[in-house]
Amino acid sequence: MIRVRFAPSPTGDLHVGGGRTALFNWLFARKNGGTFILRIEDTDGARNTEEAQRGIVKGLRWLGLDWDEGPEAGGPHGPYFQSQRKAIYDAYLARLEADGRVYTEENGAVRFKFSRTAITVHDLVCGDVTFAPTEEPDMTIRRPDGSYIFHFVNVVDDIEMKMTHVFRGEDHLSNTWKHIDLFNAFGATPPTYAHIPLILNPDGSKMSKRDAGSAIEHSYINEGFLPDAVFNYLAMLGWTPRADKEVLTRQELVQLFDPSEIHSANARFDMHKCQWFNAQFLRAMTPEALLDAARPFMESQGLVIADDAMAAAAVFSVKEKVSLLTEIPAWVHYFFREDYPFEADVSDKLKAKPENSGLLRAVAGVFAGLKEWTEASVHAAIEEAAKGASVKPGALMPLLRAALSGQSRGPGVSTIAHLVGRESTLRRIDRALAEVC
RNA sequence: GACCCCUUCGUCUAGCGGUUAGGACACAUCCCUUUCACGGAUGCGACACGAGUUCGAUUCUCGUAGGGGUCGCCA
């Protein structure tokens with residue numbers, strides 16, 4: 001039975017690197033019917049807060065990385081907060097003491113005596129990596145105040161929680177021999193390691209907090225990304241599935257996942273490509289799903305949605321024009337209000353020719369006489385009005401678009417008119433004639 | 001400084017001794033088109049360097065350079 005874990009320290013917003021580490025663990029567990037565990041490594045009490053932990057949980061939930069054991073999920077190997085496992089660590093320390101593998105310094109810190117033998121890490125990604133007998137000072141595993149250090153609790157918990165595999169960032173590779181030394185001291189078999197490459201900034205520097213695109217909530221949730229798109233992009237940063245396409249669902253990625261295909265070279269983060277994935281998923285959504293996703297961003301911009309069906313159609317009509325949900329309000333705001341501003345180039349266009357007002361009145365006249373108000377009938381009416389005025393529909397469309405939306409770009413003109421309805425369409429034309437032309 | 005990992009278009013990558021070195025993003029041009037987009041087509045663009053092994057190296061080995069990481073009483 002495969003058991004893997006994601007073991008973050010609660011530092012606030014989930015970092016993309018951490019998110020991807022969690023993602024690979026999750027992928028491996030789901031692919032093999034294993035168990036995915038969330039363990040909070042909060043041994044450094046000074047800087048770990050409950051609020052910081054909420055950020056981690058929120059980020060994981062948003063990415064859809066559900067855990068089988070851990071905070072809120074429970075499980076037979078808890079507690080899943082290291083700050084609550086002191087008795088277990090004390091017991092393990094006692095074993096080391098009994099075996100003469102530790103010693104206490106004058107100030108009370110406890111150190112683990114390295115075996116000082118060559119140690120080989122068998123890594124799924126990096127292959128066998130052998131470290132020569134170390135010359136480093138013995139490692140501190142307990143502070144004078146009785147709290148324990150990462151390397152120790154990490155190993156103890158991996159033993160206690162029966163981890164079979166450990167997927168973690170490559171920044172841990174250089175320390176892994178210390179962990180194996182500890183596993184050996186406890187007579188335990190180390191898990192199989194897989195050190196995944198790091199995510200770098202576009203300039204090649206290490207990506208850390210504050211760098212663009214580094215925080216799940218701040219850079220993705222709030223910026224209008226879709227979880228599936230970020231999931232897809234992150235999975236393919238350092239791993240290439242054997243598929244003939246790049247846009248893949250969560251289920252497909254689970255099916256395709258193979259840790260031996262994970263690259264060993266670091267990858268630079270490309271926000272452009274991440275947005276491209278987002279655009280792909282956006283376009284594949286149904287009108288209803290798209291509205292659900294866009295609603296908070298629309299409401300935060302003050303748009304009042306009174307009619308869900310109309311709103312869904314409006315949002316759907318601009319879906320291939322945006323790549324982020326945050327861009328949607330600017331493309332659809334006029335569907336939800338009649339006091340939209342006329343952009344500068346739009347009013348210039350309307351004022352440019354004196355005959356424009358006559359053309360708009362002519363269209364309004366035809367609209368007023370229509371028996372039914374469908375997208376097709378509206379479209380036919382516009383063509384009829386153009387014919388009556390001896391101009392091409394292509395000359396009339398931009399004017400109507402300007403009047404109905406205040407913008408020079410957007411979905412089809414007949415789509416706009418149809419969705420806002422006949423009454424609103426006529427009011428909009430009147431307003432444009434009164435205020436602009 | 002020591003040790004570890006890494007090195008194909010600007011970016012993500014395919015390649016696992018013989019290829020016109022393929023794809024995606026980005027960029028450029030064209031087509032489509034009532035706008036903005038989408039879509040389609042085309043173009044631009046890479047094997048870090050030096051030895052060696054080999055009939056033949058992007059591919060194997062070694063070295064150099066460059067990038068990243070670790071060496072905490074942080075995780």
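Order of the sequence lines fixes the chain letters, A, B, ..., with proteins taken first and strands second; residue numbering starts at 1 for each chain. As a basis for the values below, the full set of heavy atoms in this structure was taken, side chains included, without hydrogen atoms, waters or symmetry mates.
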(message) Categorize A:R268 for me: base, sugar-phosphate, or nothing, with a 4.0 angstrom heavy-atom threshold over every strand shown.
(response) sugar-phosphate
(request) Please determine which of A:E105, A:E97, A:E136 meets the salt bridge (Lys or Arg N to Asp or Glu O under 4.0 Å) test together with A:R111. (result) A:E105
(message) Quiz question: by atom type and distance under 3.5 Å, do the side chains of A:K353 and A:N356 form a donor-acceptor pair?
(response) no
(message) Please report the distance separating the C1' of B:rC12 from the corresponding atom of B:rA26, rounded so that it comes out in whole Å.
(response) 11 Å
(request) Counting heavy atoms from C-beta on, name the nucleotide in B:rU34, B:rC73, B:rC12 closest to the side chain of A:L237. (result) B:rC12
(message) Counting the atoms with a prime plus P, OP1 and OP2 as sugar-phosphate, which does A:K349 contact under 4.0 Å by heavy atoms, base, sugar-phosphate, or nothing?
(response) nothing
(request) Rounded to whole angstrom, note down the C1' distance from B:rA46 over to B:rA14. (result) 13 Å
(message) Among residues 310-323 of chain A, which ones have heavy-atom contacts with RNA chain B below 4.0 Å?
(response) A:E320, A:K321
Do any N or O atoms of the protein come closer than 3.5 Å to N or O atoms of nucleotides 5-7 of chain B, and which pairs are they?
| from | atom 1 | to | atom 2 | distance (Å) |
| --- | --- | --- | --- | --- |
| B:rC5 | O2' | A:E170 | OE2 | 3.0 |

(request) Could you tell me the separation between the CG atom of A:D158 and the C1' atom of B:rA75, rounded to a whole number of Å? (result) 13 Å
(request) Using the C1' atom as the reference point in each nucleotide, state the distance between B:rC9 and B:rC4 in Å, no decimals. (result) 29 Å
(request) May I ask you to verify if any side-chain N or O of A:N175 is less than 4.0 angstrom from the OP1 or OP2 atom of B:rC71? (result) yes
(request) Please state the C1' separation for the pair B:rU19 and B:rA37 - nearest whole angstrom. (result) 38 Å
(request) Please determine, for the side chain of A:D171, which listed nucleotide (B:rC71, B:rU70, B:rG68) has the closest atom? (result) B:rU70
(message) At less than 4.0 Å, is any side-chain N or O atom of A:R283 found next to OP1 or OP2 of B:rA37? Yes or no.
(response) no
(request) Rounded to whole angstrom, note down the P distance from B:rA41 over to B:rC6. (result) 38 Å
(message) For A:F150 together with A:H172, are the ring centres under 6.0 Å from each other?
(response) yes
(request) Just do the ring-ring contact (aromatic ring centres under 6.0 Å, His included) check on A:F269 and A:Y233 with the steps written out, would you? (result) CA-CA 10 Å; A:F269 188 87; A:Y233 177 67; 5.3 Å; yes
(request) Scan A:G238 against the nucleic acid and name what it touches under 4.0 Å (heavy atoms): base, sugar-phosphate only, or nothing. (result) sugar-phosphate
(message) With a cut-off of less than 4.0 Å, is there a side-chain N or O of A:R111 near OP1 or OP2 of B:rC73?
(response) yes
(message) Does a side-chain N or O of A:T43 approach OP1 or OP2 of B:rA75 to a distance below 4.0 Å, or not?
(response) yes
(request) Describe the nucleic acid contact of A:F269 in one word from base, sugar-phosphate, nothing, applying a heavy-atom distance below 4.0 Å. (result) nothing
(message) Within the 3.5 Å criterion, strictly below it, is a donor on A:E375 or A:T415 matched to an acceptor on the partner's side chain?
(response) yes
(message) Looking at B:rC73, I'd like to know if its phosphate oxygens (OP1 or OP2) sit under 4.0 Å from a side-chain N or O belonging to A:T140.
(response) yes
(request) Measure up the A:F231 and A:W26 rings against each other and bin them: parallel (under 30°), tilted (30 to 60°), perpendicular (over 60°). (result) perpendicular
(message) Give me the atom names and distance for the closest heavy-atom approach of A:R142 to A:I149.
(response) N-CG1, 4.1 Å
(message) Tell me whether A:D42 contacts the main-chain N or O of A:Q82 through its side chain, where contact means a donor paired with an acceptor under 3.5 Å.
(response) yes
(message) Under 4.0 Å, heavy atoms only, any strand: does A:M236 hit a base, just the sugar-phosphate, or nothing?
(response) sugar-phosphate
(message) Can you tell me whether the side chain of A:K273 and the base of B:rA24 have a donor-acceptor pair closer than 3.5 Å?
(response) yes
(request) Tell me whether the OP1 or OP2 atom of B:rA14 has a side-chain N or O from A:H263 closer than 4.0 Å. (result) yes
(message) Regarding A:R242, tell me which of base, sugar-phosphate or nothing describes its non-hydrogen contacts under 4.0 Å with the strands shown.
(response) sugar-phosphate
(request) Send over the distance from A:L198 CG to B:rU70 P, rounded to a whole Å. (result) 8 Å
(request) Mind telling me whether A:F112 and A:F114 have parallel, tilted or perpendicular rings, with 30° and 60° as the class edges? (result) perpendicular
(message) Given B:rU34, B:rG69, B:rC74, identify the nucleotide with an atom nearest to the side chain of A:I149.
(response) B:rC74
(message) Using atom P in both nucleotides, what's the gap between B:rG45 and B:rG52 to the nearest angstrom?
(response) 31 Å
(message) I'd like to know whether the aromatic ring centres of A:F257 and A:F24 sit less than 6.0 Å apart in this structure.
(response) yes
(message) Between B:rG50 and B:rA65, how far apart are the two C1' atoms, rounded to whole Å?
(response) 10 Å
(message) Could you tell me how far apart A:F277 (CZ) and B:rU13 (P) are, to the nearest whole angstrom?
(response) 11 Å
(request) Report yes or no: is the cationic atom of A:K319 (NZ for Lys, CZ for Arg) closer than 6.0 Å to the six-membered ring centre of A:F316, at no more than 45° off its axis? (result) yes
(request) Assign A:P393 to base, sugar-phosphate, or nothing according to its heavy-atom contacts below 4.0 angstrom with the strands shown. (result) nothing
(message) Taking the nucleotide of RNA chain B with the nearest heavy atom to each, does A:N107 or A:G394 sit closer to the 5' end?
(response) A:G394
(request) For the residue pair A:L253 and A:W239, establish whether any side-chain heavy-atom pair is separated by less than 4.5 Å. (result) yes
(request) Sticking with atom P, work out how far B:rU58 lies from B:rU20, rounded to a whole angstrom. (result) 14 Å
(request) Provide, to the nearest angstrom, the distance between the CG atom belonging to A:D157 and the P atom belonging to B:rA75. (result) 13 Å
(request) May I have the distance from A:K206 (atom NZ) to B:rG67 (atom P), rounded to whole angstrom? (result) 17 Å
(request) Would you mind classifying the nucleic acid contact of A:R142 as base, sugar-phosphate or nothing, using non-hydrogen atoms under 4.0 angstrom? (result) nothing
